[in-house]
Amino acid sequence: MSRKIPFFNTKKTKEIETETEGIAPKHVAIIMDGNGRWAQKRGLPRIAGHKEGVTAVNKIVKEAVKSNVKILTLYTFSTENWKRPKSEIDFILRLPKEFLHIYLPELISNNVRIDTIGDFDALPDYTKDAVQYAVDKTKNNDGLLLNFALNYGSRLEIVHAVKQIINDIDESKLLIDSLDDNQFSKYLFTNGLSDPDLLIRTGGEQRLSNFMLWQLAYTEFCFSDVLWPDFNETNFKNAIEDYKQRKRRYGGI
Ligand code: FPP
């Protein structure tokens, strides 16, 4: 038998916060797009673009530290990226190891903490081992959180959350009437993280590609035509400066 489930008190959902002008974003999320086109423009194989993309990651992480960003979430490998040729998938999934092999000491000295969102267990061992090592090594750092979205898909995340919620209700760990948007957020990979303030997508496309659909509800967007391997410190700083001019109203006036 179905029962009527009331909406929770929508008037009380969120405090309206308007005084954000001039303040740097706390959480920046980036869809790093354009690696393949960067390579093709140079007559190189697509993987050359992904390799160059690693250099851009290092530049932007350093700039995020300087800009006092607290969380940088990078869309590194999506649940849809498994549709690519196996050779390209293998190449992309080896990049975290390569990146950490070169840059982990510098990240540690910059007080960066590393973590991931996504279905981590389904990744190959060579990715998991390298990333887990870095997560463990940096777990006590309290500077920038460098958050790799690895095997991440927003719809997968939401469906997974719903299944866990149903399970917790069945086991009487959760009361259905106590479920609101704040409680729902706790079932997502991003539990404990504030929502992104700024989303940057490079590479000229203007879509979300199954990235943080729940978390981006009130995020400011910046779409850049620059291909990810060419995205540099100045492009990042400009995006932050542009964000600082925005008036965020969260549905209020
Ligand atoms: C999208 O560009 C990019 C990816 C699917 C891979 C992103 C990975 C990196 C930038 C390197 C990861 C680095 C670290 C440190 C883990 P695309 O291939 O879809 O480009 P296109 O739209 O031009 O084809």
Side-chain angles (χ1 to χ4, degrees), residues 28-65 71-108 110 112-120 123-135 137-138 144-154 156 199-212 223-233 235-236:
V28 179
I30 308 185
I31 301 176
M32 307 181 288
D33 194 21
N35 294 348
R37 278 166 287 157
W38 183 92
Q40 275 158 355
K41 267 171 63 178
R42 290 163 177 77
L44 298 168
R46 292 177 52 82
I47 56 169
H50 297 313
K51 195 171 168 59
E52 195 62 25
V54 173
T55 312
V57 168
N58 179 50
K59 282 185 201 162
I60 299 311
V61 169
K62 285 206 280 193
E63 195 52 47
V65 171
I71 307 169
L72 180 67
T73 298
L74 300 179
Y75 204 9
T76 307
F77 190 82
S78 76
T79 46
E80 287 70 37
N81 287 153
W82 294 107
K83 293 180 199 153
R84 296 186 179 209
K86 187 177 179 308
S87 55
E88 185 173 338
I89 294 171
D90 289 350
F91 191 88
I92 296 173
L93 292 179
R94 283 182 199 279
L95 292 176
K97 183 174 180 174
E98 197 169 307
F99 170 78
L100 292 165
H101 180 73
I102 303 170
Y103 298 112
L104 185 58
E106 201 179 328
L107 292 166
I108 291 172
N110 276 325
V112 171
R113 179 161 73 87
I114 292 163
D115 211 344
T116 64
I117 52 171
D119 181 8
F120 191 74
L123 289 163
D125 285 344
Y126 52 79
T127 314
K128 282 194 286 197
D129 293 349
V131 174
Q132 193 57 53
Y133 178 79
V135 169
K137 270 275 179 200
T138 61
L144 173 77
L145 167 60
L146 174 56
N147 190 28
F148 288 111
L150 266 171
N151 196 19
Y152 175 87
S154 195
L156 167 105
L199 170 83
I200 300 171
R201 181 176 185 137
T202 64
E205 310 286 359
Q206 302 196 356
R207 55 176 171 255
L208 291 181
S209 303
N210 200 18
F211 188 51
M212 301 185 99
F223 294 104
S224 166
D225 288 335
V226 178
L227 303 175
W228 176 251
D230 289 329
F231 196 76
N232 61 24
E233 295 88 341
N235 300 129
F236 186 77

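In listed order, ligands and their atoms are each counted from 1.
At the top of the distance list for atom 5 (C) of ligand 1, counting protein heavy atoms only, stands Asn81 OD1, 3.6 Å. Ranking protein heavy atoms by distance to atom 16 (C) of ligand 1, first place goes to Thr76 CG2, 3.4 Å. Scanning all protein heavy atoms for the shortest distance to atom 9 (C) of ligand 1 gives Asn35 ND2, 3.7 Å. Atom 4 (C) of ligand 1 has as its closest protein heavy atom His50 CE1, 4.0 Å. Taking atom 1 (C) of ligand 1 as the reference point, the nearest protein heavy-atom neighbour is Met32 O, 3.3 Å. Counting only heavy atoms of the protein, atom 11 (C) of ligand 1 lies nearest to Leu95 CD1, 3.8 Å.
When the salt bridge (charged side-chain N to carboxylate O under 4.0 Å, His left out) test is applied to Glu80, no partner is found at least two apart in sequence or on another chain.
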Give the table of side-chain donor-acceptor pairs shorter than 3.5 Å for residues 52-65, with sequence neighbours excluded, one pair per line with atom names and distance.
unit_1 : atom_1 : unit_2 : atom_2 : d
Lys62  : NZ     : Glu106 : OE2    : 3.2

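Counting only non-hydrogen atoms, the option in Arg46, Gln40, Arg37 that gets closest to atom 18 (O) of ligand 1 is Arg46.
Considering NZ of Lys137 and CD1 of Ile108, their distance stands at 6.0 Å, rounded to 0.5 Å. In this structure, CE on Met212 lies 10.0 Å from CD1 on Ile31, to the nearest 0.5 angstrom. Annotation: the span from Phe148 atom CZ to Leu100 atom CG amounts to 6.0 Å, rounded to 0.5 Å.
The aromatic rings of Phe91 and His50 sit tilted relative to each other, their planes meeting at an angle between 30° and 60°. Between Phe231 and Trp228, the ring-plane angle classifies as parallel under the 30° and 60° cut-offs.
Which parts of ligand 1 touch Phe99 is read off a 4.0 Å heavy-atom cut-off, strictly below it: atoms 15 (C).
The shortest N or O to N or O distance between Val57 and ligand 1 is not under 3.5 Å. In terms of N/O distances under 3.5 Å, ligand 1 is approached by Arg84.
With a heavy-atom cut-off of 4.0 Å, Trp228 touches ligand 1 through its side chain alone.
Ligand 1 has no atom lying under 4.0 Å from any heavy atom of Gly203.
Looking at Lys86 and Asp90, a side-chain N of the basic residue comes within less than 4.0 Å of a carboxylate O on the acidic one, giving a salt bridge.
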